[in-house]
Peer 1: 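Got a structure for you, written out below as structure tokens; questions coming shortly.
If you read the sequence from its start, that first residue is 1, and numbering goes on from there.
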Amino acid sequence: MDRKIIHLDMDAFFAAVEIRDNPALKGKPVIIGAIPGTRGVVSTCSYEARKYGVHSAMSVAEAYRLCPNGIYIRPNMGKYAAESEKIHEIMESYTDIIEYISLDEGYMDVTNSEKLFGSAENIAKQLKERIVEKTGLTCSVGIGYSMMSAKTASEEKKPDGFFVIPDRQHYVNLIIDRKIGVIYGVGKKTVMRLCEKGIVTVRDLLSAKSGSLDFLGKAGKEILMYAKGIDNREVTPNEEAKSVGREYTFQQDLTDRQEINQILHFISRRVGYQLKSKGLRGKTVTLKIKFSDMKLITRSKTESYTNSSRKICTAATELLNQLELTRAVRLVGISVSNMECDDKNAQMTFEDFFEKTQESREDKLDDVIYKLNKAAGSGTIKTGKEMLAEQSFKKHREK
């Protein structure tokens, strides 16, 4: 049976979310990532910014040189993750054979889904329509006979694209006069090495004499195979995450233990919410500290399973208290591992709330705040302690 693979890629995802939420940004060069004058890189940018040569993974200093009039926005990962969940939910309604590459990109094997939902083309069109309806965002989808061809197809008509590569011959005809960097697995260094040998286009590669790629070893055989349109990789559903965590590098190094404690509270809240959103609990909390001299240390504590922000923060604070902070701190991170599925979904009544211990009530309150934020939007509901923690976090992140 011929395989039918869909590659779905959201269009300038982070930037598109910000533009959707603030229409005044539409048509402007929006750049998501670090702020000019700070350490960091570009996460993504709008298509208007790309016209200036800005692209993801570029240093923000270089981006600012190319586009000084750009609108620079720090990423809101909680908001993007919430939108990603909606997109994944739509994708998973068509097949369970999905390999997610990132929050905004994934491969779907819909070979067997065609019996239920019609052709792969029909499924792809439904995906695009439902994602716009659910999120207000556009995506580009490519349909192919392999993962490689589907990825190439999704890039053909961006943004808001739709393209089909039905077989190997169509694939080769499409790319044969393009530069060799179009081939899966051919990075910048390999391109340079091939160009030195006079192999600049796919046609050059396919016309090369036998053995001319031997200098690349096993990779040379794979590249030639891909150039011929042969790609036998299978869409592999992602493994369950072995840990969930967040870490942050600060523009202004931290020296005050109380402020670090407040930041631990902020990070713990985010890690706890991330665990809850994935339906997971973990029993090992790990604190990660990088000092201003770049020395990195980690400390772990294992107790009972939890996804309580309060318990995660308590464990992280206890680990911090065991450390002598003789140097300024550059990075702080918390992760939770040794996980299991959280099957405790019982509804809490008012009687439950008042009958439970103070500790249990605080965990229940954590659940309630999480559910309210999930319904109303990330960060809508905050405790007073969380507001103080967020102020401390922003103070050191934005200097």
Peer 1: Between the side chain of S84 and the main-chain N/O of L103, is any donor-acceptor distance below 3.5 Å?
Peer 2: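 Flag set: sc S84 to bb L103 pair under 3.5 Å.
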
Peer 1: Could you give the distance from CD1 (I73) to SG (C45), rounded to the nearest 0.5 Å?
Peer 2: 12.0 Å

Peer 1: Would you say the side-chain atoms of D11 pair up with the backbone N or O of P159, donor to acceptor, closer than 3.5 Å?
Peer 2: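 Flag not set: sc D11 to bb P159 has no pair under 3.5 Å.
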
Peer 1: Looking at E89, I want to see if its CD is surrounded by more than 12 non-hydrogen atoms of other residues, nucleotides or ligands under 6.0 Å.
Peer 2: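 Counting other residues, nucleotides and ligands, CD of E89 stays at 12 neighbours or fewer.
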
Peer 1: How does the hydrophobic cluster around M147 look, that is, which other residues are in it when side-chain heavy atoms under 4.5 Å mark a link?
Peer 2: I5, I97, I101, Y107, V235

Peer 1: Given side-chain contact (heavy atoms from CB on, under 4.5 Å), test S154 with E105 step by step and report yes or no.
Peer 2: CA-CA 10 Å; S154 72; E105 180 185 0; over 6 Å; no

Peer 1: Ignoring hydrogens and angles, write down the donor-acceptor pairs under 3.5 Å from the side chains of residues 205-216, residues two or more places apart or on other chains.
Peer 2:
unit_1	atom_1	unit_2	atom_2	d
S207	OG	R203	O	2.8
S212	OG	K209	O	2.7

Peer 1: Show every side-chain hydrogen bond (donor to acceptor under 3.5 Å, both in side chains) that has at least one partner inside residues 21-34, sequence neighbours left out.
Peer 2: D21-K79

Peer 1: Once ring-ring contact (aromatic ring centres under 6.0 Å, His included) is applied, what residue pairs with a partner in residues 177-211 remain, sequence neighbours excluded?
Peer 2: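 As it turns out, the ring-ring contact (aromatic ring centres under 6.0 Å, His included) pairs with a partner in residues 177-211, which skip direct neighbours, are Y184-Y226.
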
Peer 1: Taking side chain as C-beta onward, heavy atoms only, is M108 less than 4.5 Å from S113?
Peer 2: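 No - every pair of side-chain heavy atoms lies 4.5 Å or more apart.
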
Peer 1: Under 4.5 Å between side-chain heavy atoms, chaining through other members, with only Ile, Leu, Val, Met, Phe, Trp and Tyr counted: pull out the rest of the cluster around V200, sorted by chain and number.
Peer 2: none

Peer 1: Please assess D104 against T44 for the test side-chain contact (heavy atoms from CB on, under 4.5 Å), listing each intermediate value before the final yes or no.
Peer 2: CA-CA 11 Å; D104 61 331; T44 192; over 6 Å; no

Peer 1: If we only count heavy atoms from C-beta on, is the I143 to V141 side-chain gap below 4.5 Å?
Peer 2: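 With C-beta onward as the side chain, the pair stays apart.
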
Peer 1: Can you check whether V54 reaches P29 side chain to side chain, under 4.5 Å on heavy atoms?
Peer 2: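 The answer is no, as the side chains (C-beta and beyond) never meet within the 4.5 Å cut-off.
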
Peer 1: If I take atom CZ from residue F250 and atom CG from residue L331, how far apart are they, to the nearest 0.5 angstrom?
Peer 2: 7.5 Å

Peer 1: Tell me the ring-ring contact (aromatic ring centres under 6.0 Å, His included) pairs involving residues 78-106, sequence neighbours left out?
Peer 2: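 Qualifying pairs: F14-Y80, H88-Y100, Y94-F117.
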
Peer 1: May I ask whether V182 and I199 are part of the same hydrophobic cluster, defined by side-chain heavy atoms of I, L, V, M, F, W, Y residues being less than 4.5 angstrom apart, directly or through others?
Peer 2: yes

Peer 1: Would you say the side-chain atoms of S268 pair up with the backbone N or O of L264, donor to acceptor, closer than 3.5 Å?
Peer 2: yes

Peer 1: Which pair of heavy atoms, one from E18 and one from L25, lies closest together, and at what distance?
Peer 2: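 Where E18 meets L25 most closely, the heavy atoms are O-CD1, 3.8 Å.
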
Peer 1: Counting heavy atoms not belonging to E155, are there more than 12 under 6.0 Å from its CD?
Peer 2: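 It does: E155 CD has more than 12 such atoms within range.
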
Peer 1: Side-chain contact, heavy-atom cut-off 4.5 Å: I123 with K4?
Peer 2: no

Peer 1: Linking I/L/V/M/F/W/Y whenever any side-chain heavy atoms sit under 4.5 Å apart, do F13 and V132 land together?
Peer 2: no

Peer 1: In the hydrophobic cluster built from side-chain contacts under 4.5 Å, what are the other members alongside V41?
Peer 2: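 For V41, no cluster forms, as it stays isolated from other hydrophobic side chains.
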
Peer 1: Just wondering, do Y47 and R50 contact through their side chains at under 4.5 Å, heavy atoms?
Peer 2: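 Contact flag for R50/Y47 side chains = yes.
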
Peer 1: Keeping K158 on the side-chain end and S140 on the backbone end, is there a donor-acceptor pair under 3.5 Å?
Peer 2: no

Peer 1: Can you pull the side-chain hydrogen bond (donor to acceptor under 3.5 Å, both in side chains) pairs that have at least one residue in residues 53-65, sequence neighbours excluded?
Peer 2: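 Checked against side-chain hydrogen bond (donor to acceptor under 3.5 Å, both in side chains) - neighbours excluded - the pairs reaching residues 53-65 are E62-R65.
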
Peer 1: Start with the C-alpha distance between K290 and M294, add both sets of side-chain angles, then the distance that settles side-chain contact (heavy atoms from CB on, under 4.5 Å), and finish with yes or no.
Peer 2: CA-CA 6 Å; K290 182 182 286 184; M294 303 306 287; 3.9 Å; yes

Peer 1: Looking at K179, I'd like to know if its NZ atom is crowded, meaning that more than 12 non-hydrogen atoms belonging to other residues, nucleotides or ligands lie closer than 6.0 Å.
Peer 2: no

Peer 1: Salt bridge check: are K151 and E99 linked by an N-O gap of less than 4.0 Å?
Peer 2: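 Not counted as a salt bridge, because no side-chain N and carboxylate O are separated by less than 4.0 Å.
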
Peer 1: In Å, rounded to the nearest 0.5 Å, how long is the span from CD1 of I90 to CZ of R130?
Peer 2: 5.5 Å

Peer 1: Test of understanding: clusters of I, L, V, M, F, W, Y form through side-chain heavy atoms closer than 4.5 Å, transitively. Do I297 and V332 belong to the same one?
Peer 2: yes

Peer 1: Show the atom names and distances, to 0.1 Å, of all donor-acceptor pairs under 3.5 Å that link a side chain in residues 315-324 to residues at least two apart or in another chain.
Peer 2:
unit_1	atom_1	unit_2	atom_2	d
T317	OG1	C313	O	2.8
E318	OE1	K301	NZ	3.1
N321	ND2	T317	O	3.3

Peer 1: Could you pull out all residues at least two apart from E48 that satisfy salt bridge (Lys or Arg N to Asp or Glu O under 4.0 Å)?
Peer 2: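 With neighbours one apart ignored, the set is empty.
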
Peer 1: Could you verify whether a donor N or O on one side chain and an acceptor N or O on the other, from N338 and T284, lie under 3.5 Å apart?
Peer 2: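 Their side chains do contain a donor-acceptor pair, which is all the 3.5 Å distance test asks for.
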
Peer 1: Any side-chain heavy atom of D204 within less than 4.5 Å of one from I180?
Peer 2: no

Peer 1: Between K295 and D293, does at least one N-O distance fall below 4.0 Å, as a salt bridge requires?
Peer 2: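 Between D293 and K295 there is no salt bridge, as every charged N stays at least 4.0 Å from the carboxylate O atoms.
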
Peer 1: If you compare all heavy atoms of V202 against all heavy atoms of I175, which two are closest, and at what distance to 0.1 Å?
Peer 2: CG2-O, 3.3 Å

Peer 1: Can you tell me how far the OG atom of S43 sits from the CD1 atom of I32, to the nearest 0.5 Å?
Peer 2: 8.0 Å

Peer 1: Looking only at heavy atoms, which two atoms of I31 and G70 are closest? And how far apart?
Peer 2: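 Taking I31 first and G70 second, the nearest heavy atoms are CD1-CA, 4.4 Å.
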
Peer 1: For a side-chain contact (heavy atoms from CB on, under 4.5 Å) with I334, tell me which candidate from V244, V285, I263 qualifies.
Peer 2: V285

Peer 1: Which heavy atom of M10 sits nearest to which heavy atom of L137, and what is that distance?
Peer 2: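 In this case the closest contact between M10 and L137 is CE-CB, 3.7 Å.
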
Peer 1: What is the distance from atom CD1 of I223 to atom CE of M225, rounded to the nearest 0.5 Å?
Peer 2: 10.5 Å

Peer 1: Kindly indicate whether the side chain of R281, heavy atoms from C-beta on, has any atom under 4.5 Å from the side chain of L275.
Peer 2: no

Peer 1: How many angstroms lie between CG in L127 and CD1 in I87, if you round to the nearest 0.5 Å?
Peer 2: 10.5 Å

Peer 1: Would you say that S146 contacts R3 through its side chain, given a criterion of any heavy-atom pair below 4.5 Å between the two side chains?
Peer 2: yes

Peer 1: Using a distance-only test with no angle check, is there a side-chain donor-acceptor pair under 3.5 angstrom linking T95 and D109?
Peer 2: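 No donor-acceptor contact under 3.5 Å links the two side chains.
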
Peer 1: Which heavy atom of V336 sits nearest a heavy atom of I312, and at what distance?
Peer 2: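 Scanning both residues completely, I find the closest heavy atoms to be CG2-CD1, 4.0 Å.
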
Peer 1: Are V164 and I176 connected, step by step, through hydrophobic side chains (Ile, Leu, Val, Met, Phe, Trp, Tyr) whose heavy atoms are closer than 4.5 Å?
Peer 2: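 In one cluster with V164: I176, no.
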
Peer 1: Side chain of R74, backbone of I35: donor and acceptor closer than 3.5 Å?
Peer 2: no

Peer 1: For residues 130-173, pull every pair meeting ring-ring contact (aromatic ring centres under 6.0 Å, His included), keeping only residues two or more places apart or in separate chains.
Peer 2: none

Peer 1: Is the backbone N or O of G144 less than 3.5 Å from a side-chain atom of S149, with the two atoms forming a donor-acceptor pair by type?
Peer 2: no

Peer 1: Treating Ile, Leu, Val, Met, Phe, Trp and Tyr as nodes and any side-chain heavy-atom pair under 4.5 angstrom as an edge, say whether F291 and I267 lie in one connected cluster.
Peer 2: yes

Peer 1: I need the minimum non-hydrogen distance between A227 and I183, along with the two atoms involved.
Peer 2: CB-CD1, 3.8 Å

Peer 1: Just to verify, what does E83 make a salt bridge (Lys or Arg N to Asp or Glu O under 4.0 Å) with, not counting sequence neighbours?
Peer 2: R20, K86

